[in-house]
Every structure is written in C-alpha cells, then in structure tokens.
**Student:** 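Quick one: structure below, then a few questions.
Numbered from 1 within each chain, the chains take letters A, B, ... in sequence-line order.
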Amino acid sequence: MPRRFGGESAHRRRAETLNRFSPIYAVAARIPRGRVATYGQIARLANLPGQARLVGYAMAALEDGSRIPWHRVVNAKGGVSLRSGGGMDAVQRLRLEREGVRFDRRGSIDLARFRWRPRAAR
DNA sequence: GCAATGACGCTCT
DNA sequence: CAGAGCGCCATTG
C-alpha cells in the first residue's frame with residue numbers, strides 16, 4: 001500500500017487508536033454470564049501482554065449502551081475498581097451479583113471460582 | 001513535546 | 001498483608 005505522508009488527518013489517527021482497542025473488545029465480548037476476567041487476563045488473550053492498563057482505558061472509552069459486558073472485567077485482586085464519580089462501581093457490582101457472582105465481606109470476588117477460563121487459544 | 005494522570009499488574013520490601 | 005517502585009500506554013494540559 002502506498003504510504004501517504006503528511007496528509008494523514010487526525011481523524012485517521014483516531015481510527016487507528018480505536019482499531020487498537022478492537023481485539024480488546026473482541027475478547028471482553030466473549031466473557032460468559034456469571035464469570036469475570038481481569039484486565040491483565042484480557043490483555044493477554046488479546047495478544048497484548050502487559051498492557052492491562054490499555055484494557056482499562058478501552059473499557060472507559062465504551063459508549064453508553066454498548067453491548068460489551070464491561071461489568072465482567074475486574075482487577076487482579078478480584079475487586080471492582082472504578083473511576084471517581086458516576087457511581088458505576090455500584091452498578092457493576094449489582095450487575096455481577098445479579099448474574100450469580102459472589103462478593104465477600106471485603107468486597108472482592110473469589111477468582112479461583114468465578115474467573116473465566118477460555119478453553120484454548122482461538 | 002514534556003509532565004501528570006488513570007476502569008492495571010507484578011515484584012520487592 | 002500493605003506500601004513503594006517500575007513498566008505500559010493513551011489522553012490531557
């Protein structure tokens with residue numbers, strides 16, 4: 001493909017960034033109901049090892065009403081880590097509990113029991 | 001373009 | 001087990 005230079009618009013750059021998130025969304029979309037996956041786990045499954053932070057960023061960029069099950073994504077401690085304000089952290093916990101995911105007194109999930117385990121590389 | 005910030009995580013103390 | 005340090009990367013001032 002001819003490499004167009006200088007003329008690349010910011011729009012194009014934006015598109016590339018979103019495209020970078022695609023594999024992340026693709027993996028997150030496969031998390032089954034009643035199970036959870038960690039940011040780092042998703043990063044790895046998306047072939048982006050060590051970029052857990054990028055996963056969190058991708059989740060934050062989701063638009064309202066997205067069909068991606070963002071609530072099934074938790075941190076490595078099995079807890080809900082949400083941004084300030086919005087109260088989305090409570091929403092996430094409620095949605096998970098409604099799917100049967102249990103939280104202990106400390107507010108964390110037993111990953112040994114609820115972590116999603118995809119069969120093999122896909 | 002540099003510095004700070006943020007839905008993260010692993011290692012070392 | 002809590003806290004500090006460091007790595008990673010997109011976004012913002």
**Student:** For residues 72-82 of chain A, which residue pairs qualify under side chain to side chain donor-acceptor pair (under 3.5 Å), counting only residues two or more places apart or in two chains?
**Tutor:** A:Arg72-A:Glu99, A:Asn75-A:Ser81
**Student:** Just the dot-bracket of DNA chain B, please: which string comes out with Watson-Crick or G-U pairs under 3.5 Å, [ ] for crossing, | for another strand?
**Tutor:** .|||||.||||||
**Student:** Can you tell if the side chain of A:Arg35 reaches within under 4.5 Å of the side chain of A:Pro118, non-hydrogen atoms only?
**Tutor:** no
**Student:** A:Ile42 has an atom CD1; how far is it from atom C1' of C:dC9, in whole Å?
**Tutor:** 17 Å
**Student:** A:Asp104 has an atom CG; how far is it from atom P of C:dC1, in whole Å?
**Tutor:** 11 Å
**Student:** Scan nucleotides 7-13 of chain B nucleotide by nucleotide, 5' to 3', and note B when protein non-hydrogen atoms come under 4.0 Å of the base, S if they reach only the sugar-phosphate, - if neither.
**Tutor:** BBSS---
**Student:** If the test is side-chain contact (heavy atoms from CB on, under 4.5 Å), which one of A:Thr38, A:Val36, A:Ile31 qualifies with A:Val73?
**Tutor:** A:Ile31
**Student:** Going hydrophobic residue to hydrophobic residue with side-chain gaps under 4.5 angstrom, can you get from A:Leu62 over to A:Phe21?
**Tutor:** yes
**Student:** So do the side chains of A:His71 and A:Leu94 get within less than 4.5 Å of each other, counting heavy atoms only?
**Tutor:** no
**Student:** Donor-acceptor pair, A:Gln41 side chain versus A:Arg117 backbone, under 3.5 Å?
**Tutor:** no
**Student:** Does the side chain of A:Gln51 get closer than 4.0 angstrom to OP1 or OP2 of C:dC9 through an N or O atom?
**Tutor:** yes
**Student:** Could you check whether any side-chain heavy atom of A:Leu96 comes within less than 4.5 Å of a side-chain heavy atom of A:Phe114, counting everything from C-beta outward?
**Tutor:** no
